[in-house]
Structures are given as C-alpha cells and as structure tokens.
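For reference, the structure is listed below as structure tokens.
Here the structure is a predicted model, which is why all the values come from computation and not from measurement.
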Amino acid sequence: MSDCIFCRIAMGEVPATIVHADDRVIAFRDLDPQAPVHVLVVPRRHVGSLAELAADDGGEDAALAAALLATARRVARAEGLDEPGRGFRLVANTGPEGGQSVGHLHFHLLGGRRLAWPPG
C-alpha cells in the first residue's frame, strides 16, 4: 500500500534503523521508544492487523505468523533480552480499542527495564 508507512519502510522508501530484514519480515527501532529496547517487528506484506491473519489456513499466513515470532525471538536474543534475570514483552495492538495506531500488523518488542502490569 503506497500510503502505509510500514509498507514504505519495508520497501526502503522511508528510512528506519533496521535491526533485521529478510524476505518476509523487517524489524526496526521505534521512533518513539517506550522502553530502552523498543523494536517493531513487521511483515513486509501488508496485513492490516492480527485479526486479518487467517487463523487456520495452515499456509502463507501461518508461515508468516511463525516468521514474525521467530524474528521477535531472534531480535530479543541479539539485544541481550534473553539473558538470565532479564526479559521482554511482545505486544500486538489490534484495532482502535486495542491501541493500534498504524493499520499494518506489527509487534512491539519491549525490554531493557522492568515493565509494569497492567500495561495500560
């Protein structure tokens, strides 16, 4: 989508601090970080939200979901968030009431400090 900021980042049209990129997923630092580590994990293909992934398709969407989670884990490890005594949070805001502000599926990977609960 030409008007989607995350699609434009994935295509290299908008600069971002990329921490991971492959053929399915791109991960980059959030411009307004809410924790010392705040990385967005985004599919390159436009998907509006987590609610739009086909839950039981067993095909492309299932593979994409697995790739997103594997990338989040890989980035968490690279950032040292999986070391003993540390940790991280992975969040997918979905829809307006869920706090989604960009209409492209993305996971927030947050860490580097103690995170409070409930989050908001």
Could you pull out the closest heavy-atom pair between [X] and [Y], with the gap in Å?
X: G111; Y: A35; value: O-CB, 3.5 Å
X: G112; Y: P36; value: O-CG, 3.5 Å
X: L109; Y: A72; value: CD2-O, 3.8 Å

With sequence neighbours left out, write down each residue that passes side chain to side chain contact (heavy atoms under 4.5 Å, CB included) with [X], or none if nothing qualifies.
X: A66; result: none
X: A27; result: V19, H20, V39, V41, T71, V75
X: A92; result: L50, F107

inquiry  = Evaluate V42 against I9 for side-chain contact (heavy atoms from CB on, under 4.5 Å), listing each step before the verdict.
reply    = CA-CA 10 Å; V42 179; I9 289 171; over 6 Å; no
Does [X] have any salt bridge (charged side-chain N to carboxylate O under 4.0 Å, His left out) partners at least two apart in sequence or in another chain, and if so, which?
X: R86; result: none
X: E13; result: R8
X: D82; result: R73, R77
X: R113; result: none

inquiry  = Any side-chain to backbone donor/acceptor pair from Q34 onto D32? Under 3.5 Å, distance only.
reply    =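 Yes, because the side chain of Q34 sits within donor-acceptor range (under 3.5 Å) of the backbone of D32.
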key: With sequence neighbours excluded, residues passing ring-ring contact (aromatic ring centres under 6.0 Å, His included) with F28   =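 ring-ring contact (aromatic ring centres under 6.0 Å, His included) check on F28 returns F6.
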Worked verdict on H46 versus H104 for side-chain contact (heavy atoms from CB on, under 4.5 Å) = CA-CA 6 Å; H46 186 83; H104 186 120; 3.1 Å; yes
Those residues that, when tested against [X], pass side-chain hydrogen bond (donor to acceptor under 3.5 Å, both in side chains) (two or more places apart):
X: Q100; value: none
X: H38; value: D30, H108
X: R45; value: D61

inquiry  = Would you compute the distance between atom CZ of R44 and atom CD1 of I26 and round it to the nearest 0.5 angstrom?
reply    =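 Nearest 0.5 Å value for the CZ-CD1 distance: 4.5 Å.
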ask   = How long is the span from the CD atom in E60 to the CG atom in L53, to the nearest 0.5 Å?
value =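 Answer for the CD-CG pair, E60 versus L53, is 10.0 Å.
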ask   = Got L105 and S49 here, is their nearest side-chain heavy-atom distance under 4.5 Å?
value =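 Side-chain contact under 4.5 Å: no.
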query = Is there a side-chain contact between L68 and P43 (heavy atoms, below 4.5 Å)?
reply =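 The answer is yes; the side chains approach within 4.5 Å.
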request  = Please go through V91's hydrophobic cluster and name the other residues, only I, L, V, M, F, W, Y counting, with side-chain heavy atoms under 4.5 Å joining them.
outcome  =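 So far as hydrophobic clustering goes, V91 is joined with L110, L115.
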message = I'd like to know whether E79 forms a salt bridge (charged side-chain N to carboxylate O under 4.0 Å, His left out) with R29, so could you lay out the CA-CA distance, the side-chain angles of the two residues, the decisive distance to 0.1 Å, and finally the verdict.
response = CA-CA 12 Å; E79 296 288 330; R29 300 208 184 275; 2.6 Å; yes
